[in-house]
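Residue numbers start from 1 in every chain, and the chains themselves are labelled A, B, ... in the order their sequence lines are given, proteins ahead of strands. Quantities reported herein were computed from a predicted structural model and do not represent experimental measurements.
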Number of protein chains: 2
Amino acid sequence: MSVAPKYDVFQAIADPTRRKLLQILSKKEMPIAEISKYFPMSRTAISKHLFILSEAHLVKAEKKGREKRFTLHVEPLMELTDWLSYFDQFWDNKLDKLKYLVEKKED
Amino acid sequence: MSVAPKYDVFQAIADPTRRKLLQILSKKEMPIAEISKYFPMSRTAISKHLFILSEAHLVKAEKKGREKRFTLHVEPLMELTDWLSYFDQFWDNKLDKLKYLVEKKED
DNA sequence: ATTATATACAACCATTTGGTTTACAGTCAA
DNA sequence: TTGACTGTAAACCAAATGGTTGTATATAAT
């Protein structure tokens, strides 16, 4: 029986360090030591954040020699997309959201 | 000078009670006492959650007599949409996400 | 064989979070 | 005017969160 994961996607992305981790892993897969160089905290702290991200299935780890390489997995973000889509109907002017997005793209 | 709000959107939606609050307020505006009926906790607790949501600008309050009516404001959710859109490029098969969404719609 | 590197694990800590209860102040209704 | 109702504020609490340091183990390099 699979244990209900302690951390869901909403919690996982609530922390700015973890969001930065996802950004960094989106560039390439990396072991913890390399990842840690991007952060002003210990490898242990990073390791814990990666654990939380893997509980939410946003990253997967693979042991390679003494390293443990982490890769990004975006699929669970779909839950967020779903959740957000419900609120599309509540934009005052239905075109507002689209306009906003188009303006962003032009930057 | 505007003080940086303590709670951002990511934190605000991390809590399931607060997500439910947004859902409920999407149906109609409501005062705290009425909102509280939907939750197994005190008005005080709900009041605190609503404070956090208003810090993140996801709800706005208006005093009406002795009541304080809360309304949903979806605009800050755009930050989430933005953040999510960055990860669109990391679906293994670019069509996977679209397929997933279409299947959802058919339910 | 020795040393350095990569990670894991445990213990610990301060702060934040999510809730409670109690008391209070404003507003409405009888 | 008395009483009920609405919301806020303060004090308190247990548990979770985000970090630390120290130690241990496995792997790699010299």
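Among the heavy atoms of the strands, none lies under 4.0 Å from A:Arg69.
In this structure, B:Met41 atom CE and C:dT20 atom C1' are separated by 11 Å, rounded to whole Å. C:dA29 atom C1' lies 14 Å from atom CD of B:Glu67, rounded to whole Å. Rounding to whole angstrom units, CG of residue B:Asp15 and C1' of D:dT17 are separated by 14 Å. With rounding to whole Å, A:Glu55 atom CD is found 16 Å from D:dG18 atom C1'.
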Open item on the list: Evaluate A:Phe87 against A:Trp91 for ring-ring contact (aromatic ring centres under 6.0 Å, His included), listing each step before the verdict.
Closed with: CA-CA 8 Å; A:Phe87 294 98; A:Trp91 284 76; over 10 Å; no
TODO: Decide yes or no on salt bridge (charged side-chain N to carboxylate O under 4.0 Å, His left out) for A:Lys28 and A:Glu34, but give the supporting numbers first.
DONE: CA-CA 11 Å; A:Lys28 60 184 172 82; A:Glu34 187 180 354; 2.6 Å; yes
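In this model, the phosphate group of C:dT17 is approached by a side-chain N or O of B:Gln11 to a distance below 4.0 Å at OP1 or OP2.
In terms of heavy-atom proximity, A:Arg43 sits nearest to A:Ala33 at CD-CA, 4.3 Å. Taking every heavy atom of both residues into account, B:Ala14 and A:Ala14 meet most closely at CB-CB, 3.7 Å.
Listed nucleotides: C:dT7, D:dT17, C:dT20. Nearest to the side chain of B:Ser42: C:dT20. Across C:dA8, C:dT7, D:dT20, the shortest atom-to-atom separation from the side chain of A:Lys48 is found for D:dT20. Closest to the B:Ile52 side chain, of the nucleotides C:dA10, D:dT6, C:dG18, is C:dG18. Closest to the side chain of A:Lys68, out of C:dA8, C:dT27, D:dT8, is C:dA8. The side chain of A:Ser47 approaches C:dA8 more closely than any other nucleotide in the set D:dT6, C:dT7, C:dA8.
Place B:His49 and B:Arg43 on DNA chain C by their nearest nucleotides, and B:His49 ends up nearer the 5' end.
Between the side chain of B:Lys63 and the base of D:dG7, no donor-acceptor pair under 3.5 Å is found. For a distance-only test at 3.5 Å, the side chain of A:Arg66 qualifies as a donor-acceptor partner of the base of C:dT5.
Put simply, the side chain of A:Ile24 does not reach to within 4.5 Å of the side chain of A:Phe70, judged on heavy atoms.
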